[in-house]
Amino acid sequence: MKQAKIALFDFDGVIVDTEPIYDIFWNEAGDWYQTGIENFADVIKGTTMPDLMKKYFSDRPEEFQKMVIREAHAYESTMPLPPMPGSIEFLRTLKAKGVKMGLVTSSDTSKVQRAFKELELEEIFDTVVTADRITRGKPDPMCYLLAASDLKVSPADCLVFEDSFAGIQSGTEAGMRVIGLTTTNPEESLKDLVYETIPDFKNITFEKYLEW
């Protein structure tokens with residue numbers, strides 16, 4: 001059988017369909033906090049909280065930044081985590097076939113731990129890279145390179161599943177093959193940036209994975 005690549009997954013917009021839920025919070029926050037940026041949620045997709053603070057709120061007092069972080073974490077702690085169609089089944093199929101997997105997300109560890117418990121994913125991933133483990137967020141390739149290092153594999157032997165432009169750039173610059181999910185951005189805007197696009201995991205078989 002053909003040797004399977006390592007599978008590395010982003011979380012929001014890939015495993016769970018949370019991007020529309022985040023959009024509600026961050027678009028309102030963009031107005032509340034007077035960023036002056038239209039469609040703020042779209043602009044910051046894939047950005048870690050430290051990078052978000054540095055890039056968009058560095059001119060605000062420290063207490064203001066702490067307030068934004070507290071409100072975002074409070075929102076995250078109760079927001080629903082609906083699985084993307086077919087995602088949980090696809091993860092379990094790969095696990096059953098012996099494929100090593102990693103989660104590479106801009107979210108923090110506390111959110112990921114809640115998600116693992118609610119979605120029963122505790123035993124799925126062989127490594128987890130969250131915002132707490134990196135100093136440079138997507139689109140920097142640091143997070144994906146760290147996942148490959150954790151698993152002691154070459155970046156060229158990794159297959160990345162991403163939905164955001166920042167995440168796609170991160171995986172590409174890490175030297176990995178990227179499959180783009182059209183859950184956040186239209187296919188037309190992604191198809192020239194990735195190896196292949198898919199709408200979700202609903203009809204994705206293990207044989208298709210091996211083709212990639």
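Because only heavy atoms are used, hydrogens play no part in the values below, and waters and symmetry mates are left out as well, while side chains stay in. Being a predicted model, the structure only gives us computed values, none of them experimental.
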* Between the main-chain N or O of Ala166 and the side-chain N or O of Ser170, is there a donor-acceptor pair closer than 3.5 Å? -> no

* Quick one: pull up CG in Asp163 and CD1 in Ile179 and give me the separation to the nearest 0.5 Å. => 13.5 Å

* Shared hydrophobic cluster, Met176 / Leu210 (ILVMFWY, side-chain heavy atoms < 4.5 Å) -> no

* Cluster overlap Val43 with Tyr75, hydrophobic side-chain contacts below 4.5 Å -> yes

* Hphob cluster co-occupancy, Leu52 + Met79, side-chain heavy atoms under 4.5 angstrom -> yes

* To do: Check whether any side-chain heavy atom of Thr48 lies under 4.5 Å from a side-chain heavy atom of Asp108, and answer yes or no.
  => no

* **pair Cys143-Ile134: side-chain heavy atoms closer than 4.5 Å** => yes

* Structure fact -> Closest heavy-atom pair, Thr182 versus Pro199, reported as atoms and distance to 0.1 Å, is OG1-CA, 3.4 Å

* Asked: Shared ILVMFWY cluster between Ile15 and Phe90, side chains joined below 4.5 angstrom?
  -> yes

* **Tyr209 (side chain) donor-acceptor with Lys5 (main chain) under 3.5 angstrom** => yes

* To do: Report the residues that fulfil salt bridge (Lys or Arg N to Asp or Glu O under 4.0 Å) with Glu196, sequence neighbours left out, ordered by chain and then residue number.
  => Lys208

* **Nearest-0.5 Å distance, CD of residue Gln65 to OG of residue Ser58** => 7.0 Å

* Structure fact -> Here the gap from His73 atom NE2 to Ile69 atom CD1, rounded to the nearest 0.5 Å, amounts to 6.5 Å

* Asked: Which residue pairs pass the side chain to side chain donor-acceptor pair (under 3.5 Å) test with at least one member in residues 9-26, sequence neighbours excluded?
  -> Asp10-Lys138, Asp12-Thr18, Asp12-Ser107, Asp12-Lys111, Glu19-Lys45, Tyr22-Glu76, Tyr22-Lys111, Asp23-Lys45

* Hey, could you give me the CG/CD1 distance between Leu81 and Ile21, rounded to the nearest 0.5 Å? => 7.5 Å

Output a table of donor-acceptor pairs, distance under 3.5 Å, between side-chain atoms of residues 152-161 and any protein atom two or more places apart or on a different chain; print 'none' if there are none.
| residue | atom | partner | partner atom | Å |
| --- | --- | --- | --- | --- |
| Ser154 | OG | Ala156 | N | 3.2 |

* Grab the two heavy atoms, one from Ile88 and one from Pro83, that are nearest each other, plus how far apart they are. => CG1-CB, 3.8 Å

* Enter the distance from Arg177:CZ to Tyr195:OH here, rounded to the nearest 0.5 Å. => 4.0 Å

* Asked: Side-chain contact, heavy-atom cut-off 4.5 Å: Phe165 with Leu190?
  -> yes

* Asked: Between CD of Glu162 and CG of Leu193, what distance do you get to the nearest 0.5 Å?
  -> 12.0 Å

* Taking side chain as C-beta onward, heavy atoms only, is Ser110 less than 4.5 Å from Asp132? -> no

* Structure fact -> So ring-ring contact (aromatic ring centres under 6.0 Å, His included) across residues 140-159, not counting sequence neighbours, yields none

Name every donor-acceptor pair, under 3.5 Å, that has one atom in a side chain of residues 117-128 and the other anywhere in the protein, sequence neighbours excluded.
| residue | atom | partner | partner atom | Å |
| --- | --- | --- | --- | --- |
| Glu118 | OE2 | Arg114 | NH1 | 2.8 |
| Asp126 | OD2 | Met101 | N | 2.8 |
| Thr127 | OG1 | Asp150 | OD2 | 2.6 |

* Asked: Between Glu173 (side chain) and Asp140 (backbone), is there a donor-acceptor pair under 3.5 Å?
  -> no

* Verify, without hydrogens or angle tests, whether Arg60 (side chain) and Tyr33 (backbone) share a donor-acceptor contact under 3.5 angstrom. => yes

* 4.5 Å side-chain heavy-atom contact, Ile24 and Glu28 -> yes

* **Considering all heavy atoms, the nearest Ala4-Val99 contact** => CB-CG2, 3.9 Å

* To do: Would you check if Phe201 and Leu181 make a side-chain contact, meaning some heavy-atom pair closer than 4.5 Å?
  => yes

* To do: Would you please name every residue forming a salt bridge (Lys or Arg N to Asp or Glu O under 4.0 Å) with Asp31, sequence neighbours left out?
  => none

* Asked: In the single-linkage hydrophobic clustering (I, L, V, M, F, W, Y; side-chain heavy atoms under 4.5 Å), do Val194 and Trp212 co-cluster?
  -> no

* Asked: Checking Thr197 side chain against Gly180 main chain: does a donor-acceptor pair fall under 3.5 Å?
  -> no

* Taking side chain as C-beta onward, heavy atoms only, is Thr35 less than 4.5 Å from Phe57? -> yes

* To do: Go through the steps to decide whether Val112 and Phe11 satisfy the test side chain to side chain contact (heavy atoms under 4.5 Å, CB included), and finish with yes or no.
  => CA-CA 9 Å; Val112 168; Phe11 188 63; 5.5 Å; no

* To do: Tell me yes or no: between the side chains of Thr130 and Thr109, is some donor less than 3.5 Å from an acceptor?
  => yes

* Shortest non-hydrogen contact from Met49 toward Ala72 -> CE-CB, 3.5 Å

* So do Glu63 and Met67 actually touch side chain to side chain, heavy atoms under 4.5 Å? -> no

